[in-house]
Amino acid sequence: DKKTVIITGASSGLGLAAAKELAATGDWYVIMACRDFQKAEKAAKEAGMFEDSYEVLHCDLASNRSVRHFVDAFHALGRPLDALVCNAAVYFPNAHKPGIFLPGLFAGEGPRYSADGHELSFAANYLGHFLLCKLLLEDLKRSTVKPARCIILGTVTATVNGAELGGMIPPIAHVGNFEGLEKGMKAPVSMLDAHEFNGAKAYKDSKVCDVMLMKELHRRYHNETGIVFTSLYPGCIAETGLFREHYPLFQHLFPAFHKSVTKAYVSQEEAGKRLAACVSDERYATSGSYYSWGGEAGTGGSGGKDAVENKDKELDWFMNYGSFRTLSIDEIGGEAADDARCRKLWDLSERLVQAA
Ligand code: NDP
(Lines give C-alpha, C1' and ligand atoms only; values in the text may rest on other atoms or scores of the structure.)
Protein backbone atom coordinates (compact mmCIF):
# COMPACT_ATOMS: atom_id res chain seq x y z
CA ASP A 1 0.00 0.00 0.00
CA LYS A 2 1.09 3.53 -0.72
CA LYS A 3 2.01 5.93 2.04
CA THR A 4 -0.08 9.10 2.32
CA VAL A 5 1.22 12.66 2.39
CA ILE A 6 -0.79 15.86 2.68
CA ILE A 7 0.79 18.91 1.00
CA THR A 8 -0.82 22.32 1.48
CA GLY A 9 -0.63 24.77 -1.42
CA ALA A 10 0.18 22.03 -3.92
CA SER A 11 -1.49 23.88 -6.80
CA SER A 12 1.69 25.68 -7.84
CA GLY A 13 5.41 26.23 -7.29
CA LEU A 14 7.23 24.16 -4.71
CA GLY A 15 4.17 22.31 -3.43
CA LEU A 16 3.24 21.12 -6.91
CA ALA A 17 6.83 20.13 -7.74
CA ALA A 18 7.10 18.07 -4.52
CA ALA A 19 3.67 16.49 -5.12
CA LYS A 20 4.77 15.46 -8.60
CA GLU A 21 8.07 14.09 -7.33
CA LEU A 22 6.49 12.02 -4.55
CA ALA A 23 3.61 10.74 -6.69
CA ALA A 24 6.07 9.66 -9.40
CA THR A 25 7.89 7.34 -6.99
CA GLY A 26 4.79 5.13 -6.84
CA ASP A 27 5.26 4.93 -3.05
CA TRP A 28 3.20 7.96 -2.10
CA TYR A 29 -0.44 8.94 -2.46
CA VAL A 30 -0.59 12.74 -2.40
CA ILE A 31 -3.45 14.70 -0.88
CA MET A 32 -3.24 18.17 -2.40
CA ALA A 33 -4.77 20.56 0.16
CA CYS A 34 -5.66 23.58 -1.96
CA ARG A 35 -7.87 26.65 -1.83
CA ASP A 36 -8.61 26.57 -5.59
CA PHE A 37 -9.88 23.11 -6.51
CA GLN A 38 -10.02 23.70 -10.29
CA LYS A 39 -6.56 25.19 -10.44
CA ALA A 40 -5.09 22.31 -8.46
CA GLU A 41 -6.76 19.64 -10.64
CA LYS A 42 -5.53 21.35 -13.77
CA ALA A 43 -2.01 21.75 -12.35
CA ALA A 44 -1.83 18.05 -11.38
CA LYS A 45 -2.97 16.96 -14.84
CA GLU A 46 -0.54 19.29 -16.60
CA ALA A 47 2.26 18.02 -14.36
CA GLY A 48 1.48 14.53 -15.67
CA MET A 49 0.45 13.08 -12.30
CA PHE A 50 -1.44 9.81 -12.66
CA GLU A 51 -5.05 9.85 -11.47
CA ASP A 52 -4.50 7.11 -8.93
CA SER A 53 -1.57 8.95 -7.35
CA TYR A 54 -3.28 12.02 -5.93
CA GLU A 55 -6.47 13.65 -4.79
CA VAL A 56 -7.35 17.33 -4.42
CA LEU A 57 -9.20 18.28 -1.23
CA HIS A 58 -10.37 21.81 -0.67
CA CYS A 59 -8.58 23.68 2.10
CA ASP A 60 -8.38 27.43 2.60
CA LEU A 61 -5.84 28.01 5.32
CA ALA A 62 -7.13 31.54 5.80
CA SER A 63 -10.31 30.14 7.30
CA ASN A 64 -10.32 28.05 10.45
CA ARG A 65 -13.67 26.57 9.48
CA SER A 66 -12.26 25.48 6.12
CA VAL A 67 -9.26 23.83 7.83
CA ARG A 68 -11.64 21.89 10.09
CA HIS A 69 -13.77 20.85 7.06
CA PHE A 70 -10.63 19.71 5.28
CA VAL A 71 -9.63 17.50 8.20
CA ASP A 72 -13.17 16.00 8.29
CA ALA A 73 -13.00 15.34 4.54
CA PHE A 74 -9.59 13.73 4.93
CA HIS A 75 -10.86 11.49 7.74
CA ALA A 76 -13.81 10.47 5.57
CA LEU A 77 -11.32 8.99 3.07
CA GLY A 78 -10.28 6.46 5.71
CA ARG A 79 -6.62 6.80 4.82
CA PRO A 80 -3.72 6.79 7.26
CA LEU A 81 -1.50 9.87 7.41
CA ASP A 82 2.25 9.37 7.15
CA ALA A 83 3.52 12.86 6.35
CA LEU A 84 2.18 16.41 6.51
CA VAL A 85 3.81 19.24 4.57
CA CYS A 86 2.90 22.80 5.57
CA ASN A 87 3.89 24.60 2.39
CA ALA A 88 1.20 27.11 1.38
CA ALA A 89 1.99 30.79 1.72
CA VAL A 90 1.10 34.26 0.50
CA TYR A 91 3.43 37.23 0.18
CA PHE A 92 2.34 40.85 -0.24
CA PRO A 93 5.63 42.69 -0.83
CA ASN A 94 4.00 45.87 -2.08
CA ALA A 95 1.53 46.30 0.72
CA HIS A 96 2.39 49.06 3.15
CA LYS A 97 0.26 51.10 5.46
CA PRO A 98 -2.57 52.88 3.63
CA GLY A 99 -1.75 56.36 2.47
CA ILE A 100 1.84 55.93 1.22
CA PHE A 101 1.73 56.44 -2.51
CA LEU A 102 4.72 56.83 -4.81
CA PRO A 103 3.51 56.20 -8.36
CA GLY A 104 4.72 52.86 -9.68
CA LEU A 105 6.48 51.98 -6.48
CA PHE A 106 4.08 51.57 -3.61
CA ALA A 107 0.52 50.44 -3.96
CA GLY A 108 -0.20 52.00 -0.61
CA GLU A 109 -2.59 49.17 0.05
CA GLY A 110 -3.28 48.33 3.67
CA PRO A 111 -3.45 44.92 5.31
CA ARG A 112 -5.82 42.17 4.20
CA TYR A 113 -7.63 39.95 6.64
CA SER A 114 -8.68 36.29 6.74
CA ALA A 115 -12.18 34.86 7.10
CA ASP A 116 -11.64 34.95 10.87
CA GLY A 117 -10.44 38.55 10.77
CA HIS A 118 -6.70 37.93 11.26
CA GLU A 119 -4.00 39.58 9.16
CA LEU A 120 -3.83 37.42 6.04
CA SER A 121 -0.13 36.46 5.82
CA PHE A 122 -0.15 35.49 9.49
CA ALA A 123 -3.43 33.56 9.03
CA ALA A 124 -2.63 31.68 5.81
CA ASN A 125 1.09 31.09 6.32
CA TYR A 126 1.03 30.27 10.01
CA LEU A 127 -2.26 30.09 11.94
CA GLY A 128 -4.05 27.78 9.46
CA HIS A 129 -1.05 25.47 9.61
CA PHE A 130 -1.00 25.61 13.41
CA LEU A 131 -4.60 24.40 13.49
CA LEU A 132 -3.95 21.79 10.80
CA CYS A 133 -0.98 20.34 12.70
CA LYS A 134 -2.99 20.17 15.91
CA LEU A 135 -5.95 18.46 14.24
CA LEU A 136 -3.79 15.92 12.40
CA LEU A 137 -1.38 15.07 15.18
CA GLU A 138 -3.31 11.98 16.25
CA ASP A 139 -3.31 10.72 12.64
CA LEU A 140 0.46 11.12 12.40
CA LYS A 141 0.81 9.36 15.74
CA ARG A 142 -1.11 6.34 14.41
CA SER A 143 1.01 6.07 11.25
CA THR A 144 2.73 2.74 10.81
CA VAL A 145 5.48 4.48 8.85
CA LYS A 146 8.34 5.16 11.24
CA PRO A 147 9.02 7.96 11.53
CA ALA A 148 5.92 9.85 10.49
CA ARG A 149 6.91 13.39 9.55
CA CYS A 150 5.65 16.94 9.71
CA ILE A 151 7.56 19.44 7.59
CA ILE A 152 7.04 23.20 7.77
CA LEU A 153 8.54 25.59 5.22
CA GLY A 154 10.79 28.36 6.48
CA THR A 155 12.81 31.00 4.65
CA VAL A 156 16.37 32.25 4.72
CA THR A 157 15.23 35.87 4.93
CA ALA A 158 13.81 35.47 8.38
CA THR A 159 14.61 32.51 10.44
CA VAL A 160 17.82 30.64 9.95
CA ASN A 161 20.07 32.93 11.85
CA GLY A 162 19.72 36.60 12.62
CA ALA A 163 23.43 37.11 11.93
CA GLU A 164 23.32 36.00 8.29
CA LEU A 165 22.75 38.36 5.41
CA GLY A 166 19.47 36.72 4.42
CA GLY A 167 18.04 37.74 7.76
CA MET A 168 19.45 41.25 7.53
CA ILE A 169 17.74 42.37 4.32
CA PRO A 170 15.16 45.00 5.31
CA PRO A 171 12.43 44.89 6.37
CA ILE A 172 13.85 42.71 9.12
CA ALA A 173 11.59 40.14 10.73
CA HIS A 174 10.60 41.14 14.24
CA VAL A 175 7.81 39.42 16.13
CA GLY A 176 8.74 41.32 19.30
CA ASN A 177 7.02 39.95 22.34
CA PHE A 178 3.86 39.22 20.30
CA GLU A 179 2.19 42.43 21.42
CA GLY A 180 -0.06 42.39 18.31
CA LEU A 181 -0.94 38.75 18.79
CA GLU A 182 -1.88 39.44 22.40
CA LYS A 183 -4.34 41.99 21.05
CA GLY A 184 -5.86 39.37 18.72
CA MET A 185 -4.23 40.18 15.33
CA LYS A 186 -7.47 41.73 14.14
CA ALA A 187 -7.99 45.20 12.63
CA PRO A 188 -6.70 47.73 13.39
CA VAL A 189 -3.82 45.48 14.55
CA SER A 190 -1.95 43.92 11.63
CA MET A 191 1.55 43.05 12.83
CA LEU A 192 2.74 40.57 15.44
CA ASP A 193 4.79 43.26 17.19
CA ALA A 194 1.78 45.65 16.91
CA HIS A 195 3.83 48.09 14.83
CA GLU A 196 2.84 49.71 11.55
CA PHE A 197 1.78 47.41 8.69
CA ASN A 198 4.42 46.27 6.20
CA GLY A 199 3.49 43.41 3.86
CA ALA A 200 7.02 42.09 3.25
CA LYS A 201 7.73 42.07 6.97
CA ALA A 202 4.41 40.38 7.71
CA TYR A 203 5.52 37.50 5.45
CA LYS A 204 8.89 37.17 7.18
CA ASP A 205 7.27 37.37 10.63
CA SER A 206 4.83 34.61 9.65
CA LYS A 207 7.75 32.44 8.59
CA VAL A 208 9.52 33.02 11.92
CA CYS A 209 6.28 31.75 13.48
CA ASP A 210 6.39 28.69 11.21
CA VAL A 211 9.85 27.77 12.46
CA MET A 212 8.78 28.46 16.05
CA LEU A 213 5.83 26.13 15.46
CA MET A 214 8.16 23.39 14.25
CA LYS A 215 10.33 23.82 17.35
CA GLU A 216 7.39 23.81 19.72
CA LEU A 217 5.84 20.73 18.09
CA HIS A 218 9.18 19.00 18.46
CA ARG A 219 9.48 19.99 22.13
CA ARG A 220 5.94 18.93 23.00
CA TYR A 221 5.48 15.80 20.95
CA HIS A 222 8.62 14.29 19.47
CA ASN A 223 9.70 12.16 22.43
CA GLU A 224 6.18 11.02 23.22
CA THR A 225 5.09 10.23 19.65
CA GLY A 226 8.26 9.66 17.63
CA ILE A 227 6.93 12.03 14.95
CA VAL A 228 9.76 13.90 13.22
CA PHE A 229 9.20 17.67 12.96
CA THR A 230 11.52 19.56 10.60
CA SER A 231 11.76 22.79 8.68
CA LEU A 232 13.61 23.75 5.53
CA TYR A 233 14.75 26.47 3.21
CA PRO A 234 14.79 24.98 -0.29
CA GLY A 235 16.91 27.66 -2.02
CA CYS A 236 15.60 30.68 -3.91
CA ILE A 237 12.90 29.47 -6.32
CA ALA A 238 12.71 32.83 -8.01
CA GLU A 239 9.96 32.06 -10.54
CA THR A 240 7.10 30.79 -8.38
CA GLY A 241 3.74 32.41 -7.78
CA LEU A 242 5.04 33.69 -4.44
CA PHE A 243 6.28 36.80 -6.22
CA ARG A 244 3.07 37.31 -8.22
CA GLU A 245 2.33 40.64 -6.55
CA HIS A 246 5.82 42.05 -6.93
CA TYR A 247 6.63 44.81 -9.43
CA PRO A 248 7.03 43.47 -12.98
CA LEU A 249 10.62 44.73 -13.16
CA PHE A 250 11.47 42.84 -9.97
CA GLN A 251 9.85 39.68 -11.35
CA HIS A 252 11.95 40.04 -14.45
CA LEU A 253 15.31 40.66 -12.76
CA PHE A 254 14.97 38.53 -9.63
CA PRO A 255 15.75 35.11 -11.23
CA ALA A 256 18.74 36.45 -13.20
CA PHE A 257 20.12 38.17 -10.08
CA HIS A 258 20.00 34.96 -8.08
CA LYS A 259 21.39 32.90 -10.96
CA SER A 260 24.39 35.12 -11.55
CA VAL A 261 25.11 37.09 -8.35
CA THR A 262 24.03 35.17 -5.26
CA LYS A 263 24.07 31.74 -6.96
CA ALA A 264 21.08 30.93 -4.77
CA TYR A 265 18.72 30.24 -7.68
CA VAL A 266 17.10 26.84 -7.74
CA SER A 267 14.59 25.48 -10.24
CA GLN A 268 11.14 24.42 -9.08
CA GLU A 269 11.98 20.86 -10.07
CA GLU A 270 15.14 20.72 -7.96
CA ALA A 271 13.45 22.45 -5.02
CA GLY A 272 10.62 19.90 -5.29
CA LYS A 273 13.19 17.12 -5.00
CA ARG A 274 14.62 18.74 -1.87
CA LEU A 275 11.20 18.98 -0.22
CA ALA A 276 10.37 15.42 -1.29
CA ALA A 277 13.63 14.29 0.33
CA CYS A 278 12.51 15.86 3.61
CA VAL A 279 9.35 13.76 3.34
CA SER A 280 10.91 10.43 2.48
CA ASP A 281 14.71 10.35 2.64
CA GLU A 282 16.18 8.98 5.86
CA ARG A 283 18.96 11.61 5.77
CA TYR A 284 16.43 14.33 6.59
CA ALA A 285 14.68 12.71 9.52
CA THR A 286 16.21 14.31 12.61
CA SER A 287 13.43 16.00 14.52
CA GLY A 288 13.96 19.68 15.34
CA SER A 289 16.32 20.21 12.39
CA TYR A 290 16.32 23.05 9.92
CA TYR A 291 17.64 21.98 6.52
CA SER A 292 19.01 24.86 4.51
CA TRP A 293 19.89 24.57 0.83
CA GLY A 294 21.48 27.02 -1.55
CA GLY A 295 21.63 27.15 -5.33
CA GLU A 296 21.57 24.25 -7.70
CA ALA A 297 24.61 22.05 -8.16
CA GLY A 298 26.74 23.53 -10.89
CA THR A 299 25.73 27.13 -10.14
CA GLY A 300 28.42 27.75 -7.60
CA GLY A 301 26.86 25.93 -4.69
CA SER A 302 26.85 22.29 -3.79
CA GLY A 303 23.06 22.21 -3.86
CA GLY A 304 21.22 19.26 -2.49
CA LYS A 305 23.04 16.64 -4.49
CA ASP A 306 25.83 16.02 -2.04
CA ALA A 307 23.97 16.74 1.14
CA VAL A 308 27.07 17.41 3.13
CA GLU A 309 26.82 19.09 6.48
CA ASN A 310 28.69 22.33 6.60
CA LYS A 311 28.74 23.82 10.05
CA ASP A 312 31.51 26.32 9.51
CA LYS A 313 29.74 29.46 10.66
CA GLU A 314 32.78 31.66 9.95
CA LEU A 315 32.34 31.51 6.19
CA ASP A 316 31.03 34.60 4.52
CA TRP A 317 27.33 34.25 3.78
CA PHE A 318 27.70 34.83 0.07
CA MET A 319 30.35 32.17 -0.17
CA ASN A 320 28.23 29.87 1.91
CA TYR A 321 24.88 30.48 0.29
CA GLY A 322 25.25 27.78 -2.29
CA SER A 323 25.97 25.04 0.16
CA PHE A 324 23.72 22.75 2.13
CA ARG A 325 23.74 22.58 5.86
CA THR A 326 21.72 21.29 8.75
CA LEU A 327 20.96 23.42 11.75
CA SER A 328 20.13 21.36 14.80
CA ILE A 329 17.36 22.64 17.03
CA ASP A 330 19.85 24.47 19.24
CA GLU A 331 21.48 26.17 16.26
CA ILE A 332 18.30 27.79 14.95
CA GLY A 333 18.89 31.46 15.49
CA GLY A 334 17.14 34.81 15.47
CA GLU A 335 13.86 35.19 17.36
CA ALA A 336 13.00 31.53 16.73
CA ALA A 337 15.82 30.61 19.12
CA ASP A 338 13.82 31.91 22.06
CA ASP A 339 11.95 28.96 23.61
CA ALA A 340 9.86 31.16 25.88
CA ARG A 341 8.54 33.04 22.88
CA CYS A 342 7.83 29.75 21.04
CA ARG A 343 5.66 28.70 24.00
CA LYS A 344 3.94 32.06 24.12
CA LEU A 345 3.15 31.83 20.41
CA TRP A 346 1.63 28.38 20.93
CA ASP A 347 -0.56 29.53 23.83
CA LEU A 348 -1.79 32.65 22.05
CA SER A 349 -2.46 30.68 18.85
CA GLU A 350 -4.57 28.17 20.77
CA ARG A 351 -6.67 31.03 22.02
CA LEU A 352 -7.17 32.38 18.50
CA VAL A 353 -8.23 29.08 16.91
CA GLN A 354 -10.58 28.30 19.79
CA ALA A 355 -12.22 31.68 19.45
CA ALA A 356 -12.63 31.40 15.67
P1 NDP B 1 3.56 29.72 -4.73
O2 NDP B 1 2.85 31.04 -4.65
O3 NDP B 1 3.88 29.18 -6.07
O4 NDP B 1 2.76 28.63 -3.93
C5 NDP B 1 2.04 28.94 -2.77
C6 NDP B 1 0.87 28.00 -2.67
O7 NDP B 1 0.14 28.34 -1.48
C8 NDP B 1 -0.11 28.10 -3.84
O9 NDP B 1 -0.51 26.79 -4.17
C10 NDP B 1 -1.27 28.89 -3.25
O11 NDP B 1 -2.52 28.57 -3.81
C12 NDP B 1 -1.23 28.37 -1.82
N13 NDP B 1 -2.01 29.22 -0.91
C14 NDP B 1 -1.91 30.54 -0.71
N15 NDP B 1 -2.84 30.94 0.19
C16 NDP B 1 -3.54 29.84 0.56
C17 NDP B 1 -4.62 29.61 1.43
N18 NDP B 1 -5.20 30.61 2.10
N19 NDP B 1 -5.09 28.34 1.56
C20 NDP B 1 -4.53 27.33 0.87
N21 NDP B 1 -3.50 27.49 0.01
C22 NDP B 1 -3.01 28.73 -0.14
O23 NDP B 1 4.89 29.92 -3.84
P24 NDP B 1 6.15 28.95 -3.57
O25 NDP B 1 5.94 27.63 -4.19
O26 NDP B 1 7.36 29.73 -3.87
O27 NDP B 1 6.08 28.83 -1.98
C28 NDP B 1 5.91 27.61 -1.32
C29 NDP B 1 6.55 27.69 0.05
O30 NDP B 1 7.95 27.85 -0.08
C31 NDP B 1 6.08 28.85 0.92
O32 NDP B 1 5.91 28.40 2.25
C33 NDP B 1 7.22 29.84 0.85
O34 NDP B 1 7.27 30.65 2.00
C35 NDP B 1 8.39 28.88 0.76
N36 NDP B 1 9.61 29.46 0.23
C37 NDP B 1 9.68 29.88 -1.07
C38 NDP B 1 10.85 30.41 -1.56
C39 NDP B 1 10.98 30.90 -2.96
O40 NDP B 1 12.05 31.36 -3.32
N41 NDP B 1 9.94 30.81 -3.80
C42 NDP B 1 12.04 30.55 -0.71
C43 NDP B 1 11.84 30.10 0.64
C44 NDP B 1 10.68 29.55 1.07
P45 NDP B 1 -3.04 29.21 -5.22
O46 NDP B 1 -2.38 28.40 -6.28
O47 NDP B 1 -4.51 29.00 -5.14
O48 NDP B 1 -2.63 30.64 -5.21
Side-chain angles (χ1 to χ4, degrees), residues 8-9 15 33 35 59-68 70 85-98 107 109-135 152-155 157-159 167 170-217 231 241-245 334-336 338 341-356:
T8 67
R35 64 175 167 177
C59 179
D60 187 342
L61 289 152
S63 157
N64 287 329
R65 185 177 290 169
S66 174
V67 172
R68 292 181 199 280
F70 166 80
V85 179
C86 298
N87 162 78
V90 285
Y91 175 46
F92 307 124
N94 298 340
H96 294 256
K97 68 170 182 173
E109 180 193 315
R112 300 175 215 182
Y113 290 91
S114 73
D116 307 294
H118 306 125
E119 190 282 320
L120 192 50
S121 351
F122 165 77
N125 303 0
Y126 165 75
L127 192 64
H129 285 133
F130 169 81
L131 181 58
L132 192 64
C133 289
K134 274 195 68 114
L135 296 176
I152 304 176
L153 265 290
T155 173
T157 56
T159 49
I172 293 170
H174 176 66
V175 298
N177 202 20
F178 292 119
E179 295 84 352
L181 191 50
E182 275 178 327
K183 291 182 180 151
M185 278 308 272
K186 291 187 173 180
V189 175
S190 60
M191 299 297 282
L192 287 159
D193 60 4
H195 288 180
E196 209 162 72
F197 182 66
N198 179 312
K201 179 175 175 296
Y203 168 81
K204 293 180 182 183
D205 288 354
S206 73
K207 288 277 139 187
V208 173
C209 291
D210 279 335
V211 177
M212 287 177 149
L213 171 61
M214 182 279 283
K215 280 190 64 183
E216 192 60 15
L217 283 163
S231 198
L242 197 64
F243 307 100
R244 65 186 99 180
E245 296 202 12
E335 291 179 306
D338 183 348
R341 261 185 284 188
C342 294
R343 275 172 218 182
K344 183 170 183 181
L345 174 63
W346 181 279
D347 293 341
L348 291 171
S349 304
E350 276 201 315
R351 251 197 261 165
L352 288 198
V353 295
Q354 276 158 15

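Just so it is clear, the model here is predicted, and its values are computed rather than measured.
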Name all residues meeting the side-chain contact (heavy atoms from CB on, under 4.5 Å) criterion together with A62; count only those two or more places apart in sequence or in a different chain, and write none if there are none.
D60, S114, L120, A124
Between atom CZ of F122 and atom OG of S349, what is the distance when rounded to the nearest 0.5 Å?
5.0 Å
For the atom pair CG (L352) and CG (L348), what is the distance rounded to the nearest 0.5 Å?
7.0 Å
Kindly indicate whether the side chain of L153, heavy atoms from C-beta on, has any atom under 4.5 Å from the side chain of D210.
no
If you take all heavy atoms of S121 and F92, which pair is closest and at what distance?
OG-CD1, 4.0 Å
If we ignore hydrogens and angles and just use 3.5 Å, is the side chain of D193 paired with the main-chain N or O of H195 as donor and acceptor?
yes
What I'd like to find out is whether the side chain of R68 reaches to under 4.5 Å of the side chain of L131, using heavy atoms alone.
yes
So F178 and R341, do their side chains get closer than 4.5 Å, heavy atoms only?
yes
Please report the closest heavy-atom contact between E335 and G176, naming both atoms and the distance.
OE2-N, 3.2 Å
From K204 NZ over to N125 CG, what is the distance, rounded to the nearest 0.5 angstrom?
13.5 Å
Contacts of F130 meeting ring-ring contact (aromatic ring centres under 6.0 Å, His included) (sequence neighbours excluded), chain-then-number -> W346
Quick one: do I152 and L217 satisfy side-chain contact (heavy atoms from CB on, under 4.5 Å)? Show the steps, please.
CA-CA 11 Å; I152 304 176; L217 283 163; 4.0 Å; yes
Gap separating the CG atom of L61 from the SG atom of C86, nearest 0.5 angstrom:
8.0 Å
Mind checking side-chain contact (heavy atoms from CB on, under 4.5 Å) for K183 and listing every partner two or more places apart, or none if nothing turns up?
V189, A194
Partner of Y203 under side-chain contact (heavy atoms from CB on, under 4.5 Å), picked from N198, V90, L242, is L242
Note: A202 and M191 closest approach over all heavy atoms is N-CE, 3.7 Å
Measuring from L127:CG to L181:CG, what's the distance to the nearest 0.5 Å?
8.5 Å
Could you pull out the closest heavy-atom pair between S190 and M185, with the gap in Å?
O-CE, 3.7 Å
Between K344 and D347, does at least one N-O distance fall below 4.0 Å, as a salt bridge requires?
no
Heavy-atom closest pair, residues T8 and L132:
CG2-CD2, 3.5 Å
Which value, rounded to the nearest 0.5 Å, describes the distance between S206 atom OG and E119 atom CD?
8.0 Å
Non-hydrogen side-chain atoms of V67 and V353 separated by less than 4.5 Å:
no
Which heavy atom of P171 sits nearest to which heavy atom of K201, and what is that distance?
CG-N, 3.6 Å
